[in-house]
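Predicted, not measured: the structure shown is a model, and the values here were computed from it.
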Amino acid sequence: MRASQFLLKTKKDDPAEAEIVSHRLMLRSGMIKKVAAGLYSWLPVGLRVFRKVESIVRDEMNKSGAMELLMPTAQPSDLWEESGRWNEFGPELMRFQDRHQRDFCLGPTHEEVITDIVRNEISSYKQLPVNLYQINTKFRDERRPRFGVIRTREFCMKDAYSFHSDEACLANTYQTMHDTYSNIFKRFGLKFRAVIADTGSIGGNSSHEFMVLAESGEDAIAFSDSSDYAANLEKAISLTEKPNDSSKETEKSSSVIATPNIKTIDQLTNFLKIDVQKTIKTLVVKNITNDKETFYALVLRGDHQLNEVKTKNHLKISGDLQFASDDEIKTLLGCHSGSIGPINLDVNLIIDTAAQNVKNFVCGANEDDKHIINANWSEVSNFETADIRNVLEGDLSPDGKGKIQIKRGIEVGHIFQLGTKYSESMRAKILDENGKDKLMHMGCYGIGIGRIVAAAIEQNNDEKGIIWPDSLAPFLVVIVPINLHKSELVRKTSEDLYNALQNSGYDTLLMDQENKRLGSMLADVELIGIPHIVVIGERDLNDGYIEYKQRLSSESRRIKLEETIKYIADEVQIIK
RNA sequence: CGGGGCGUAGCGCAGCCUGGUAGCGCACUACACUGGGGGUGUAGUGGUCGCAGGUUCAAAUCCUGCCGUCCCGACCA
């Protein structure tokens, strides 16, 4: 591609709207342009990267034996009513009517449509398993789009759906997809981890998320420093700590003390000069089913944080966890939120496993401005114990090997074993070898295409701009001629090298804009992040040399002109 | 959904407090010079000041409403 014929406009100033580095660099390098909140156009440079991501994903999917198809973005409500998700889905589902006032939605995902296809096309166990995928636009009306293309409303996703006659076969394909995804992210050259994940609104059993490690990531992931264990923080199991000194502690007898205006754990530990691990806090949540409100008191050690996902799963609550309001707490318990405690509390009690290990603790007395000291669980009857807290760095790994570390990541892929959730509601059946009806087992596997572009930038950038890995770069090589318009030798050499590189199959950009100076060309090239840079100037050319440098390093090397292509070929690193 | 910020040329911003000719930098156009790290000069192009209403002789500026957009929050009792 010739720069003179390519839409390539960079900006010096950081755009005001962008916060995180990938968003800033994508806007500055002219990869994307915002159309509205959470809606972006991909400009030519950006689209080149986008297509590379797509083609690697497609290649690996095809290698795995999956078949590509294409489904519509707009979907009739009938299918969604059949699966039950027309009502289950919240405002994220973009609903609209056509000219005949028929209900439609923009697909946030395609389980319904694919299940409809497969139940019609496939009727025998002999046709299974199949794995069908598409690379297509999705729409989710996010409550808060942010971080550029990382969380948008309209986005492109590769989504695959597999169908099986039994669970074992599903597990097999699930593992194949796990391996396929690992290959994909290796080919991108990204640091990633596959973590155990919550299934959320998609439903189903087993699930892994593929996380690209980045400080700006929206998710926290917990993993062992000495084993394979890795899980989303939402899902990471907290081990009940090994008995320590406190287990030998003898139980004292409790007493109520005055704690005027003490409402938070911080105030409490300062006031009593005690260790935060000796405090217990109590949160009240409510669940509404069939118009009936049920309150639950959740009990945690003072330094621990509630894990909403674990709590919701334990209480079998779908939708958001609702906290009781101050008024509700006052009415229900007769005290304010800062004074609640598990002793003599007439609410369903759920005690976190770690909290249960504490002896002689301090907790609220269910009376304003009063706390109980030296309280013990022997004083409480009728409670459940559950793991409802977030793991902390340094906790024991649940597999017993090593300690937990916590890092942030961007979710770029997610695989699920759905089981029969959709085949049941949509009656997707086959005949088995005995001629009997049987529900198909289903898996689904997503990868965010645009999100990977942003995640790759989050992981690969410096003060000058983006540093693309070879596999994703919009151009693999760029030729930067000095005084193109003045030197016939420079012009001819640049053109010849450009043609030769193109013919050798390397995506090459020729900076042939006559009025551009070296500094401005290099600044653009570095901002855009082209990995291999060839500078051609008369000075070196008179000795038969060009100058080669990599985006990644500041060092430049003099290379014999005739060896240029071979040299670049040796430097390029693309995993096939 | 709650709180806060911002909306003035393609981008980044000033002007608003104290009402009176709409400005600066980048980008863009033309010409000249320059030519190994975002060059210099001269001359230019480009704006319903987010929208609607109100106050006023007069509104980018003051008031009201709406819209858009960004950030934080939506567990930590």
Whole-Å distance between rG73(B) P and Glu308(A) CD? 14 Å
Whole-Å distance, Lys286(A) NZ to rA77(B) C1', equals 16 Å
Using a strict heavy-atom distance below 4.0 Å, which residues from residues 328-339 of chain A are in contact with RNA chain B? Ile329(A), Ser337(A)
How far, in whole Å, is rG54(B) from rG10(B) if one measures between their P atoms? 29 Å
Within residues 258-266 of chain A, residues whose heavy atoms come under 4.0 Å of RNA chain B: Lys263(A), Thr264(A), Ile265(A)
Picking from rC11(B), rC72(B), rG36(B), which would you name as closest to the side chain of Asp13(A)? rC11(B)
Near-ring test Trp468(A)/Phe475(A), centroid separation under 6.0 angstrom: no
Taking atom types as they are modelled, would you say the side chain of Asn483(A) forms a donor-acceptor pair with the base of rG36(B) within the 3.5 Å cutoff? no
Checking N1-N3 plus N6-O4 or O6-N4 for Watson-Crick, or N1-O2 and O6-N3 for wobble, each under 3.5 Å, the partner of rA74(B) is none
Sugar-phosphate, base or nothing in reach of Ile482(A), heavy atoms under 4.0 Å: base
Return the nucleotide paired to rG12(B): Watson-Crick means purine N1 to pyrimidine N3 with N6-O4 or O6-N4, wobble means G-U with N1-O2 and O6-N3, both under 3.5 Å. rC24(B)
Encode nucleotides 27-32 of chain B as B, S and - characters from 5' to 3', where the letter depends on protein heavy atoms closer than 4.0 Å: B to the base, S only to sugar-phosphate, - to neither. S-----
Selection residues 518-533 of chain A - residue pairs positive for salt bridge (charged side-chain N to carboxylate O under 4.0 Å, His left out), sequence neighbours left out: Lys464(A)-Glu526(A), Lys516(A)-Asp524(A)
Can you name the residues that form a ring-ring contact (aromatic ring centres under 6.0 Å, His included) with Tyr498(A), not counting sequence neighbours? none
What is the ring orientation for Phe383(A) with Trp377(A), classed by angle as parallel under 30°, tilted 30 to 60°, or perpendicular over 60°? tilted
What integer number of Å spans the P atoms of rC33(B) and rG15(B)? 41 Å
Over all strands shown, is Lys34(A) touching base, sugar-phosphate only, or nothing at heavy-atom distances under 4.0 angstrom? sugar-phosphate
Does a side-chain N or O from Arg144(A) land closer than 4.0 Å to OP1 or OP2 of rC72(B), or not? yes
Mapping Ala37(A) and Asp540(A) onto RNA chain B by nearest heavy atom, which one lands closer to the 5' end? Asp540(A)
Residue Ala16(A), side-chain atoms from C-beta onward, closest of rC13(B), rG35(B), rC71(B): rC13(B)
What contact category does Gln305(A) fall into here, base, sugar-phosphate, or nothing, at under 4.0 angstrom with non-hydrogen atoms? base
Of all residues at least two apart in sequence or in a different chain, which pass the salt bridge (Lys or Arg N to Asp or Glu O under 4.0 Å) check with Glu384(A)? none
Whole-Å distance between rC75(B) C1' and Ile350(A) CD1? 15 Å
Would you call Arg491(A) and Asp512(A) a salt bridge, using N to O less than 4.0 angstrom? no
Using the C1' atom as the reference point in each nucleotide, state the distance between rA14(B) and rC24(B) in Å, no decimals. 7 Å
Lys310(A) bridged to Asp198(A) by N-O distance under 4.0 Å: no
Would you list the protein and nucleotides 40-44 of chain B atom pairs, both N or O, that sit under 3.5 Å from each other?
none

If you draw the axis of the six-membered ring of Trp86(A), does the NZ or CZ of Arg95(A) fall within 45° of it and under 6.0 Å from the ring centre? yes
Reckon Glu526(A) touches a base, only the sugar-phosphate, or nothing at all at heavy-atom distances under 4.0 Å? base
Quote, to the nearest angstrom, the C1' distance that separates rA22(B) from rA58(B). 16 Å
Which nucleotide in the set rG39(B), rC71(B), rG12(B) lies at the smallest distance from any side-chain heavy atom of Arg146(A)? rC71(B)
Expressed as a whole number of Å, how far does the P atom of rG37(B) sit from that of rC31(B)? 26 Å
Identify whether any heavy atom of Gln267(A) sits under 4.0 Å from a base atom; if not, whether one sits that close to sugar-phosphate; answer base, sugar-phosphate or nothing. nothing
Would you indicate what Asn390(A) reaches in the nucleic acid, counting non-hydrogen atoms under 4.0 angstrom: base, sugar-phosphate, or nothing? base
Heavy-atom check, side chain of Lys330(A) versus side chain of Asp368(A), under 4.5 Å: yes
Both distances under 3.5 Å, Watson-Crick or G-U wobble: report the partner of rG65(B), or none. rC51(B)
Counterpart residues, ring-ring contact (aromatic ring centres under 6.0 Å, His included), relative to Tyr567(A) (two or more places apart): Tyr548(A)
Any salt bridge (charged side-chain N to carboxylate O under 4.0 Å, His left out) pairs touching residues 255-274 of chain A, not counting sequence neighbours? none
Hey, could you give me the CD1/CD1 distance between Ile536(A) and Ile479(A), rounded to the nearest 0.5 Å? 5.5 Å
Pairing partner (Watson-Crick or G-U wobble, both distances under 3.5 angstrom) of rU29(B): rA43(B)
Closest nucleotide among rG39(B), rG12(B), rC75(B) to the Arg517(A) side chain: rG39(B)
Is it the case that the base of rG38(B) and the side chain of Arg28(A) share a donor-acceptor contact (distance under 3.5 Å, atom types as modelled)? yes
Donor + acceptor pair across side chains of Asn390(A), Asn307(A) (<3.5 Å): yes
Tell me, please, which residues at least two apart from Lys492(A) pass salt bridge (Lys or Arg N to Asp or Glu O under 4.0 Å). Asp496(A)
Closest to the Lys549(A) side chain: rA77(B), rG35(B), rG37(B)? rG37(B)
Given atom CG of Asp303(A) and atom P of rA77(B), what is their separation to the nearest angstrom? 13 Å
Can you tell me how far P in rG5(B) sits from the matching atom in rU45(B), rounded to whole Å? 38 Å
Cationic N near anionic O, under 4.0 Å, Glu571(A) to Arg557(A): yes
Can you check the distance between rU21(B) and rG4(B), where both ends of the measurement are the P atom (answer in whole Å)? 34 Å
Taking for each residue the nucleotide of RNA chain B bearing the nearest heavy atom, is the 5' side occupied by Phe147(A) or by Gly537(A)? Gly537(A)
For Phe323(A), give me all partners under ring-ring contact (aromatic ring centres under 6.0 Å, His included), at least two apart in sequence or on another chain. none
What is the nucleic acid contact for His485(A), judged by heavy atoms within less than 4.0 Å: base, sugar-phosphate only, or nothing? base
Which whole number of Å gives the distance between the P atom of rG47(B) and that of rU64(B)? 31 Å
Under the side chain to side chain donor-acceptor pair (under 3.5 Å) definition, can you give me all pairs with a residue in residues 147-156 of chain A, not counting sequence neighbours? Asp141(A)-Arg153(A), Glu142(A)-Arg151(A), Arg151(A)-Glu218(A)
Could you tell me whether Asp14(A) contacts a base, only the sugar-phosphate backbone, or nothing, with contacts defined as non-hydrogen atoms closer than 4.0 Å? sugar-phosphate
Would you mind reading off the distance between Lys11(A) atom NZ and rC26(B) atom P, rounded to a whole angstrom? 15 Å
